[in-house]
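Scroll down for the structure; my scribbles are underneath it.
Source: prediction; values computed, not measured.
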Amino acid sequence: MDEIKNTYLTFKVGENTFGIHVEHVVEIVEYEEPKSQSSLLPFMKGLVDHRGGIVPLIDAGLKFGLDPIKVGDQTCCIVMSINGADKAFDIALMVDQVSDVVEVSEESRQFIETNYKPGYVSFAASMNDEFVMFIDADKVFNDTEVISLLQIMGK
């Protein structure tokens, strides 16, 4: 387990680079057009099939307060396992492209004052002349959003 303690998958949303701990990554899959699903969640694009189950497709751009993802050649989905409302469930996070798997040392982490960051950003780091924001997958959605997602999935 020590070998993955500081290991993150990085991905692009527009010009921004984010990272997520590899323990939350289930799989990286090609983008597929979602089945529409009425939802009050503006960042939810619909539902997609994943290994015989249905998972919500989340537009990372909209969820992170950026421009919506424009589907292109490198658009893909990171199927992530997250914990919320005392349940674990999977979502598909639509991103512009997956970048790399990186190791982030404790010393390179820069913590951002709480007043200046969304609650789901754990820390940031400069890597290869790029500013990367590392997110806590379990804090990306607030309680109301988690309940809505679970209801949509029938859980």
Enter the distance from [X]:[atom1] to [Y]:[atom2] here, rounded to the nearest 0.5 Å.
X: Ile28; Y: Cys77; atom1: CD1; atom2: SG; value: 10.5 Å
X: Met127; Y: Asp100; atom1: CE; atom2: CG; value: 8.5 Å
X: Ile69; Y: Met94; atom1: CD1; atom2: CE; value: 5.5 Å
X: Ile58; Y: Lys45; atom1: CD1; atom2: NZ; value: 10.5 Å
X: Ile135; Y: Ile20; atom1: CD1; atom2: CD1; value: 4.5 Å
X: Thr17; Y: Asp96; atom1: OG1; atom2: CG; value: 10.5 Å

Find out whether [X] and [Y] are in side-chain contact, i.e. whether some heavy atom of one side chain is under 4.5 Å from a heavy atom of the other.
X: Val79; Y: Val29; result: yes
X: Lys12; Y: Gln74; result: no
X: Glu145; Y: Val140; result: no
X: Glu27; Y: Ile78; result: no

Please report the shortest heavy-atom distance between [X] and [Y], naming the atom on each side.
X: Glu32; Y: Asp49; value: OE1-O, 3.6 Å
X: Met133; Y: Val121; value: CB-CG1, 4.2 Å
X: Leu47; Y: Pro56; value: CD2-CA, 3.8 Å
X: Leu9; Y: Val101; value: CD1-CG2, 4.0 Å
X: Val55; Y: Ile91; value: CB-CA, 4.3 Å
X: Val95; Y: Ala60; value: CG1-CB, 4.1 Å

When you measure from the side chain of [X] to the backbone of [Y], do you find a donor-acceptor pair of N or O atoms at a distance under 3.5 Å?
X: Ser148; Y: Thr144; value: yes
X: His24; Y: Ser81; value: yes
X: Ser126; Y: Asp129; value: no
X: Asp136; Y: Asp138; value: yes

Row check, Phe43 ring normal vs Lys63 NZ/CZ: under 6.0 Å, within 45°: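 Pair Lys63/Phe43 counts as cation-pi.
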Asp59 and Met44: CA distance, side-chain angles, deciding distance, side chain to side chain contact (heavy atoms under 4.5 Å, CB included) verdict: CA-CA 6 Å; Asp59 184 316; Met44 186 175 147; over 6 Å; no
Near-ring test Phe141/Tyr120, centroid separation under 6.0 angstrom: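 Not close enough - the centres of the two rings lie 6.0 Å or further apart.
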Over 12 foreign heavy atoms within 6.0 Å of CD, Glu106: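 Yes, enclosed.
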With Phe123, the ring pair (Phe, Tyr, Trp, His ring centres under 6.0 Å) member among Phe18, Phe134, Phe131: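 That would be Phe134; it is the only one of Phe18, Phe134, Phe131 passing the ring pair (Phe, Tyr, Trp, His ring centres under 6.0 Å) with Phe123.
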Glu15 vs Asp67, side chain to side chain contact (heavy atoms under 4.5 Å, CB included): CA-CA, chis, key distance, verdict: CA-CA 10 Å; Glu15 298 298 314; Asp67 291 331; over 6 Å; no
Working for side chain to side chain contact (heavy atoms under 4.5 Å, CB included), residues Leu150 and Val146: CA-CA 6 Å; Leu150 289 170; Val146 168; 3.8 Å; yes
Gln97 and Phe11: CA distance, side-chain angles, deciding distance, side chain to side chain contact (heavy atoms under 4.5 Å, CB included) verdict: CA-CA 6 Å; Gln97 73 182 67; Phe11 57 92; over 6 Å; no
Parallel, tilted or perpendicular: ring planes of His21 versus Tyr8, cut at 30 and 60 degrees: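 Perpendicular, since the angle between the ring planes exceeds 60°.
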Joint hydrophobic cluster, Val98 plus Tyr31, side-chain heavy atoms closer than 4.5 Å: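 Yes, it is one cluster - the side chains of Val98 and Tyr31 are joined through contacts under 4.5 Å.
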